[in-house]
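Numbered from 1 within each chain, the chains take letters A, B, ... in sequence-line order.
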Protein chains: 2
Amino acid sequence: MMTDRRPGRSFKTLTSSETSGEPNALIRRLEGLESLGTDAKAWLAGIEEAAFSVPARTDLIAEGDAPDGLVVILEGMACRFKLRPGGARQITAYLIPGDLCNLDLALRPRMDHAIATLSPCRVARLDFEALSHLSGDLDIVTRAMRRAALVDDAILREWLVNVGSRSAIRRIAHLFCELLMRFRAVGLARGDSYELPVSQLDLAETTGLSTVHVNRTLQELKRQGLIELRARSLMIRNLARLQTLGEFDAGYLSLGEPIA
Amino acid sequence: MMTDRRPGRSFKTLTSSETSGEPNALIRRLEGLESLGTDAKAWLAGIEEAAFSVPARTDLIAEGDAPDGLVVILEGMACRFKLRPGGARQITAYLIPGDLCNLDLALRPRMDHAIATLSPCRVARLDFEALSHLSGDLDIVTRAMRRAALVDDAILREWLVNVGSRSAIRRIAHLFCELLMRFRAVGLARGDSYELPVSQLDLAETTGLSTVHVNRTLQELKRQGLIELRARSLMIRNLARLQTLGEFDAGYLSLGEPIA
DNA sequence: CGCAATCTTGAGAATGCTCAAAAGTGGTGG
DNA sequence: CCACCACTTTTGAGCATTCTCAAGATTGCG
């Protein structure tokens with residue numbers, strides 16, 4: 001279940017969309033997948049009330065859990081991962097604001113993998129009851145969430161291609177391109193830059209490389225003038241070349257206009 | 001085991017479950033996920049009528065397609081894959097009898113990957129209309145199919161772990177264990193043996209290894225007395241040791257008793 | 001200011017790759 | 001029924017990418 005943190009705790013609330021009237025990341029994300037009506041948006045805006053903060057490197061859902069609510073990332077980054085017998089960790093997905101942790105909770109008895117924060121996060125838990133009673137104008141929300149799950153599947157397949165067959169430098173290039181597009185979709189990129197609050201160890205556990213090699217590969221990307229990366233902030237200096245290098249084609253992210 | 005089926009049309013009828021009153025692979029697969037009523041089974045048995053044969057190495061669904069029906073594998077093996085710019089192919093899933101190719105057809109505009117047969121297959125196409133009108137006792141079928149999709153997701157995550165972090169010999173050991181369990185679930189394993197109609201090139205494209213290294217790794221598995229593999233038929237000689245080597249834990253396959 | 005985590009660098013080693021060619025297999029048409 | 005052809009499997013040899021180990025530099029946080 002969720003680790004010992006109660007909703008009430010305030011972990012120094014950052015300046016965030018929470019205080020303004022802007023749509024939260026979940027709304028932005030789902031709006032890219034289905035056209036949401038005003039009532040749907042209003043309903044989704046309500047999740048802010050249930051939001052709470054979680055520090056970095058904290059389990060959100062453990063392997064074997066049977067969560068009783070749908071967990072949504074509103075700010076920060078989290079990841080899905082599996083542990084191998086020796087303790088090695090393979091990250092199988094990044095969760096960014098607007099992403100859903102366990103959409104299939106209704107059908108899946110227990111989690112086959114775990115979810116943990118990478119950076120400090122703001123998170124909401126949607127009650128299973130509330131979700132299953134969405135109907136009428138609101139079941140567009142369910143459809144949008146299902147579509148989001150399909151995009152997650154597509155991302156996972158793309159990661160398998162990445163790790164299964166691309167060289168180190170291409171893997172990282174591809175990952176950085178994907179994250180740019182995903183952050184853009186929820187309004188969290190400025191131009192070709194975004195915050196990437198993960199360590200090189202995290203990148204290593206994502207790409208199937210050693211930390212040492214991740215480090216050297218990042219240096220090579222910088223040397224080639226493709227990226228700048230300092231203080232957990234990534235600036236892509238030459239997106240076209242980075243895309244070519246990473247063999248990146250955004251089609252699998254379904255970022256076109258919302259399909260009718 | 002009722003027989004409510006019309007005597008099969010013959011596409012050069014092989015000796016197969018088709019001619020007997022046995023449940024087809026789809027029924028067996030879904031029955032492992034939900035308890036099906038007799039009417040659900042009868043409905044599923046009807047797909048035999050729409051079955052047709054496809055030779056090996058033939059595309060079933062191309063990337064970019066928007067299929068108008070749900071494709072089901074009844075016999076043989078197929079795979080999902082993506083092609084990289086240079087032509088390299090990464091296989092992202094094996095489809096065995098009882099598996100569904102494109103369950104999300106209602107929500108996904110176009111396929112982000114392709115599906116092709118590996119061996120000669122018998123395949124059925126379920127009309128989208130027919131599926132969307134399943135209701136009452138039959139919507140248990142929909143539930144079972146959704147659960148099957150979740151298992152596919154879990155398998156994909158496990159493959160990412162496999163390719164992202166295990167050594168060559170562990171990767172192949174893991175894959176062989178997984179396939180044993182999946183074939184067993186649809187009654188296609190005899191003891192610890194099963195037909196594995198894929199080439200070493202296919203295995204290479206699956207595991208992210210070169211064909212040469214696959215070949216040498218298979219020899220090592222034989223040398224250690226873990227497997228026998230000839231004429232596309234795999235016999236696992238020491239399942240316990242193969243599981244340990246492959247770090248295989250069947251939990252992610254949801255093969256327990258059907259969950260209520 | 002100091003600890004702990006993270007990043008960086010060096011050097012040697014291993015796993016797995018490429019290229020190339022030979023040997024085996026199965027299907028097909030003459 | 002055999003010969004041939006394409007595909008697949010196997011083997012050898014050298015090499016590249018990436019890993020491991022280890023230590024030193026840097027950063028961020030309390």
Taking heavy atoms of chain B and a 4.0 Å limit, find me the 5'-most and 3'-most nucleotide of DNA chain C within that range.
C/dG16 to C/dC19
Those residues at least two apart in sequence (or on a different chain) that pass salt bridge (Lys or Arg N to Asp or Glu O under 4.0 Å) with B/Arg84 are A/Glu247
Mind checking what makes salt bridge (Lys or Arg N to Asp or Glu O under 4.0 Å) contact with A/Glu63, not counting sequence neighbours?
none
How long is the line joining [atom1] of [X] and [atom2] of [N], in whole Å?
X	N	atom1	atom2	answer
A/Leu218	D/dT18	CG	C1'	15 Å
B/Leu203	D/dC7	CG	C1'	15 Å
A/Arg232	D/dC29	CZ	C1'	13 Å
B/His213	D/dA16	NE2	C1'	14 Å
A/Gln200	D/dT26	CD	P	15 Å

Restricting to side-chain contact (heavy atoms from CB on, under 4.5 Å), what partner residues turn up for [X], sequence neighbours left out?
X	result
B/Thr244	none
B/Ala93	B/Arg80
A/Asn162	A/Arg166, A/Arg171, A/His174

Enumerate, atom names and distances included, each donor-acceptor pair closer than 3.5 Å involving a side-chain atom of residues 193-200 of chain A, sequence neighbours excluded.
from, atom 1, to, atom 2, distance (Å)
A/Tyr194, OH, A/Phe176, O, 2.7
A/Glu195, OE2, A/Ser233, OG, 3.3
A/Ser199, OG, A/Leu201, N, 3.3
A/Ser199, OG, A/Asp202, N, 3.1
A/Ser199, OG, A/Asp202, OD2, 3.1
A/Gln200, OE1, A/Asn215, ND2, 3.0

Just the atom pairs and distances: protein N or O near nucleotides 11-13 of chain D's N or O, under 3.5 Å.
from, atom 1, to, atom 2, distance (Å)
D/dT11, OP2, B/Gln219, OE1, 2.7
D/dT11, OP2, B/Gln219, NE2, 2.8
D/dG12, N7, B/Arg216, NH2, 2.4
D/dA13, N6, B/Arg216, NH1, 3.4

Among A/Asp65, A/Leu95, A/Ile73, find the one that has a side chain to side chain contact (heavy atoms under 4.5 Å, CB included) with A/Leu60.
A/Ile73
Pick base, sugar-phosphate or nothing for A/Ser210, based on heavy-atom distances below 4.0 Å to the nucleic acid.
base
Kindly indicate whether the side chain of B/His113, heavy atoms from C-beta on, has any atom under 4.5 Å from the side chain of A/Val161.
no
A side-chain contact here means heavy atoms from C-beta on lying under 4.5 Å apart; do A/Tyr94 and A/Glu178 qualify?
no
Report the residue (A/Val214 or B/Thr211) whose heavy-atom-nearest nucleotide on DNA chain D is the more 5′ of the two.
B/Thr211
Please list residues of residues 162-175 of chain B whose heavy atoms come under 4.0 Å from any atom in DNA chain C, ordered by number; otherwise none.
B/Ser167, B/Ala168
Could you walk me through whether B/Asn238 and B/Asp192 satisfy the side-chain contact (heavy atoms from CB on, under 4.5 Å) test, starting with their C-alpha distance in whole Å, then the side-chain angles of each, then the deciding distance to 0.1 Å, before giving a yes or no?
CA-CA 9 Å; B/Asn238 191 327; B/Asp192 293 348; over 6 Å; no
Once you build an axis from the first five pairs and another from the last five of the helix from C/dT8-D/dA23 to C/dG30-D/dC1, how far apart in angle are they, to 10 degrees?
50°
Selection residues 222-243 of chain B - residue pairs positive for ring-ring contact (aromatic ring centres under 6.0 Å, His included), sequence neighbours left out:
none
Give every residue pair that meets the salt bridge (charged side-chain N to carboxylate O under 4.0 Å, His left out) criterion with at least one member in residues 208-219 of chain B, sequence neighbours excluded.
none
For A/Tyr252 and A/Trp159, I'd like to know if the aromatic rings sit close, meaning centre-to-centre distance below 6.0 Å.
no
Looking at B/Arg57, I'd like to know whether one of its side-chain N or O atoms comes within less than 4.0 Å of OP1 or OP2 on D/dT8.
yes
